[in-house]
Amino acid sequence: DNIDFVEPGAKPLVMKSPSGTKIEVINEFFTPNVVSSHNYDLVIFKQVLEHTLNPLNFIADVVSVLQSQGMIYCEVPNLEFILKHGATQDFHIQHVQYFTIFGLIKMFKQFNLTPRIIQDIKIGHDFGILFSRCQDPLIPNIAPLAEADLVQFFARIERQQGFYQQLSEVGSMGPLF
């Protein structure tokens, strides 16, 4: 049994657990070529997918190192939370993708992966989904993002911009935008 951590900012390290399991920290970006096995029973990526330029290629690479009965746990920021709460600070250059639960499930279905568990994280700000190749989902169908949520979000942005414009006109600092 091996445990591999792939983290581009980590110091490379190889050690053994008390039970003798080899644990390796690999200082690289994930590709199938950087890991020691192509037979993992579980792959976990937390707060990673939103940073990838092509999430479908990334998922395909992960699936390629997964054993036939393996599972994937994926955790990302929740676009629905961002839109519902007007959390514009969550839109930043490091995140090149944003996901809803429905959208993420749809992406993984392209690889015949089914959601088994959906985990709410940080009061809905993020979510995590455990996927497997099992064809019987344990969770009900999830609806796509409602158009009303997008309309409400953009209306909130317009109100915020109007407020900041008024504030900048009153203050001596000049425009904020």
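The OG atom of S132 lies 12.5 Å from the CG atom of D41; values are rounded to the nearest 0.5 Å. Note that CD of E28 is 10.0 Å distant from CG of N33, once rounded to the nearest 0.5 Å. Summarising the geometry, atom CD belonging to E80 is positioned 5.5 Å from atom OG1 belonging to T100; distances are rounded to the nearest 0.5 Å. Note that CD1 of I44 and CE of M71 are 9.5 Å apart. Values are rounded to the nearest 0.5 Å. Within the model, atoms CD of Q67 and CG of L42 stand 10.0 Å from one another, a figure rounded to the nearest 0.5 Å. Atom SG of C74 sits about 6.5 Å away from atom CD1 of I59, to the nearest 0.5 Å.
Remark: K122 engages D126 in a side chain to side chain donor-acceptor pair (under 3.5 Å) (not counting sequence neighbours). Applying the side chain to side chain donor-acceptor pair (under 3.5 Å) test to D61 and every residue at least two apart in sequence or in another chain returns nothing. Every residue meeting the side chain to side chain donor-acceptor pair (under 3.5 Å) condition with E75, not counting sequence neighbours, appears here in chain and number order: Q47, Y73.
In terms of heavy-atom proximity, F131 sits nearest to P115 at CD2-N, 3.7 Å. Taking all atoms of both residues into account, the shortest heavy-atom contact from I101 to I118 is CG2-CD1, 3.7 Å.
Put simply, the side chain of Q97 gets close to the backbone of T52: a donor and an acceptor are under 3.5 Å apart.
Counting heavy atoms from C-beta outward, L56 and M107 have side chains that approach closer than 4.5 Å. Two residues are said to be in side-chain contact when any heavy atoms from C-beta on lie closer than 4.5 Å; N27 and V6 fail this criterion. Side-chain contact between N78 and Y98 is absent, with no heavy atoms from C-beta onward closer than 4.5 Å. Contact check for F30 versus V65: side-chain heavy atoms found under the 4.5 Å cut-off. A heavy-atom distance below 4.5 Å is found between the side chains of R133 and L113.
Taking the six-membered ring where the residue is Trp, F108 and F45 present parallel rings, their angle staying beneath 30° rather than reaching 60°.
Taking the six-membered ring for Trp, F127 and F99 have ring centres at least 6.0 Å apart.
Between the side chains of D4 and Y40, at least one donor N or O sits under 3.5 Å from an acceptor N or O.
F29 and V76 fall into different hydrophobic clusters, defined by Ile, Leu, Val, Met, Phe, Trp and Tyr side-chain heavy atoms under 4.5 Å apart, directly or through other members. By the rule that hydrophobic residues join a cluster once side-chain heavy atoms approach within less than 4.5 Å of another member, I26 and V14 end up as members of separate clusters. In this structure, I123 is not a member of the same hydrophobic cluster as I121, with clusters built from ILVMFWY side-chain heavy atoms closer than 4.5 Å.
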Subject >> side chain to side chain contact (heavy atoms under 4.5 Å, CB included) between I129 and I117, worked out >> reply: CA-CA 6 Å; I129 304 178; I117 298 170; over 6 Å; no
